[in-house]
Amino acid sequence: MKTRSIRLYDTYQAKVREFVPIEEGKVSIYYCGPTVYNYVHIGNMRPVVTFDLLERVMKACGYEVHMISNYTDIDDKIIKRALEEKKSEKELSDYYIKAYEENLKGLNILPLENHPRVSNYIPEIVDFISKIMDNGYAYKAGGDVYFSVTDDPGYGKLSKMNVDDLISGSRVETNEAKKSPMDFALWKVTDDKGIKFDTKLGSGRPGWHTECVVMINSYFKKPTIDIHGGGFDLKFPHHENENAQSWAYSGKNLANYWMHVGFINLNNAKMSKSLGNIVLAKDAIEKYGGNVIRYLFISTYYRSPINFSSEAVETARVEVEKLKKFSDSFQVKFALNGLEPSDGINSEEFDEFLGYLADDLNVANAITVLDKVIKEGNKALRNSRTSSEELFKCYNTFNKMIDTLGLKFERKVVSEEDKKIYDDYLAAKKERNFDKSDKLREKLIERKIL
RNA sequence: GGUUCCUUAGCCAAGUUGGUAAGGCAACUGACUGCAACUCAGUCACCAUCGGUUCGAAUCCGGUAGGAACCUCCA
């Protein structure tokens, strides 16, 4: 299958670039997943929705997509919490992984190929760190292993940070053992009560920045993948550090394209646990529905911040309602008139729609085309001369667009009883028996037929 | 202190390489209707501000005001 051209903003080169895959027709993607020590908030889900949209768009453009995301199940926060709750780290992380997966379902996220967990990659991580040490980019200090930032001339290229500025302006805690305050831990030895691993690097745990590189290399079996991303804040230090390790390990960049997704603010303020202004994803999905949250996320360009306010949610709600109503009215029409489904879409319109999405996920413009289809569809529905084939073409086009955006509407079921009421309603109107028709109309509105 | 970003109608939000502003919501007007709802059509922007470059700038450059992020765990 021929692939359609896609343009993506690449943080590394700081510009929109034509997407060129490593392997023709295929794309490998990894985005950083949650640290599973608690329920995730809505901000955590924006990158997930964004990458899910990217996957759908790339598939529609003819790509074979291989996308994975990790679960960080080894982390100080998990250990602390597990000790508090007198559970094992595994019990705790398993619980929150399950909770997280409910959110994936709620937001209609396509199943990923894999969700690697750090705890399953300890031997690979140890080998990886050893190789970096052999290559001269990491050193042991007080039992821990640190990455030597000053030995990497490319450090700071991704996040556009200058190492000297970072060091001089650093509020980083000074650690006597470290060569430079910017150096970060690859392996930390410990004798605390938390989970630890007995390895040739000592009894301890890996640093956070190593896991993703190792899992990318191990899973995709190559040093460089097509796209790597996550939230905006991951750019520095997390992704910068990952890429530094990749260079130290293989002499190659970890990814050809780096994508970073903007934040979600709550009433114009950053969500933070200390301020206590967190909206949990599960609560938002339960309260407003997955479609509304998803629509809210994708309707703003993914690199811009979103302000999560009651007005914003309401706007998204009304939009989704409109889409749902459109979908319903087609199904009602088909059912009431006993129309036989037919295939085919309006490919020019879908092409235009996809073209916008393929332009760095310009959902706003794509929705413009969707709205055009809805207007035409509504006109076609009212026009008694529209053929059933044309109606289905419009409906199919609409559905394909909705599916590409990752929205999902249940099928409207029109019962025999509904049909009967509808026929009676028409008859009463014809007889100008408005008392009766008004009552039937009430019923039909209740049943969402009108 | 260092680095970076943002400011488009009541609200949300587009706007490749500069050529006098997409779309949606809300509002208003009209059509349709027995009345209404739905739907359709139409109306609604001096692009934060000041100055510069230019035949021409929301788009480029500079100043000002306001807002935000990163530099530390963070989606």
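Naming: A, B, ... by sequence-line order, numbering from 1 per chain.
If you check B/rC71, B/rA69, B/rG15 against the side chain of A/Phe236, the one that comes closest is B/rC71. Minimum atom distance to the side chain of A/Phe434 is reached by B/rG34, of the listed B/rA75, B/rG34, B/rC74. Considering only the side chain of A/Met271, B/rA75 comes nearest among B/rA75, B/rA41, B/rC70. For A/Val318, the side-chain atoms get nearest to B/rC25 when compared with the rest of B/rC25, B/rU72, B/rA75. Of the candidates B/rC71, B/rG34, B/rC11, the closest approach to any side-chain atom of A/Asp438 belongs to B/rG34. Comparing B/rC73, B/rC40, B/rA75 against the side chain of A/Lys375 picks out B/rC40 as the nearest. With B/rA75, B/rA22, B/rA36 as the choices, the nucleotide that has an atom nearest any side-chain atom of A/Asn365 turns out to be B/rA22. Nearest nucleotide to the side chain of A/Thr300, out of B/rC38, B/rA14, B/rC35: B/rA14.
Across the strands present, B/rG66 finds its partner in B/rC6; the criterion is a Watson-Crick or G-U wobble pair with both atom distances under 3.5 angstrom. Base pairing annotation: B/rC44 forms no Watson-Crick or G-U wobble pair, as no partner gives both donor-acceptor distances under 3.5 Å. Base pairing annotation: B/rA14 forms no Watson-Crick or G-U wobble pair, as no partner gives both donor-acceptor distances under 3.5 Å.
If you check every strand for non-hydrogen atoms under 4.0 Å, A/Arg46 touches nothing. In this structure, A/Leu234 reaches the sugar-phosphate backbone alone: every heavy-atom distance under 4.0 Å involves primed, P, OP1 or OP2 atoms, never a base. If you check every strand for non-hydrogen atoms under 4.0 Å, A/Gly262 touches a base. Base contact: A/Lys429 has a heavy atom under 4.0 Å from a base atom. Residue-level contact check: A/Ser437 touches the bases, meaning some heavy atom is under 4.0 Å from a base atom.
To the nearest 0.5 angstrom, A/Phe353 atom CZ is 11.0 Å from A/Asn362 atom CG.
The side chain of A/Lys379 contributes an N or O atom lying less than 4.0 Å from OP1 or OP2 of B/rA41. Between A/Thr368 and B/rA22 there is no side-chain N or O to OP1 or OP2 distance below 4.0 Å. Distances shorter than 4.0 Å separate none of the side-chain N or O atoms of A/Lys322 from OP1 or OP2 on B/rC38. Under 4.0 angstrom from either OP1 or OP2 of B/rG67 there lies no side-chain N or O belonging to A/Asn265. Close to B/rC40, at under 4.0 Å from its OP1 or OP2, lies a side-chain N or O of A/Asn378. Using a 4.0 Å cut-off, no side-chain N or O of A/Lys77 falls inside it from OP1 or OP2 of B/rC74.
Ring pair A/Tyr39/A/Tyr96 is perpendicular by interplanar angle, where above 60° counts as perpendicular and below 30° as parallel.
Checked against the 6.0 Å centroid threshold, A/Tyr100 and A/Tyr71 count as a close aromatic pair.
The P atoms of B/rA48 and B/rC38 are separated by 35 Å, rounded to the nearest whole Å. Between B/rG62 and B/rC70, the two P atoms lie 25 Å apart (nearest whole Å).
Environment of CG in A/Asn337: crowded, with over 12 heavy atoms of neighbouring residues, nucleotides or ligands closer than 6.0 Å.
Summarising the geometry, the separation between CG on A/Leu381 and P on B/rA37 is reported as 19 Å, rounded to the nearest angstrom.
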Quick test: give all pairs of protein nitrogen or oxygen and nucleotides 57-61 of chain B nitrogen or oxygen below 3.5 Å, distance rounded to 0.1 Å.
none

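Put simply, the residue from A/Tyr121, A/Tyr31, A/Tyr30, A/Tyr219 that forms a side-chain hydrogen bond (donor to acceptor under 3.5 Å, both in side chains) with A/Asn70 is A/Tyr30.
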Intermediate values then yes/no, salt bridge (Lys or Arg N to Asp or Glu O under 4.0 Å), A/Asp76 and A/Arg81: CA-CA 8 Å; A/Asp76 288 350; A/Arg81 184 122 190 198; over 6 Å; no
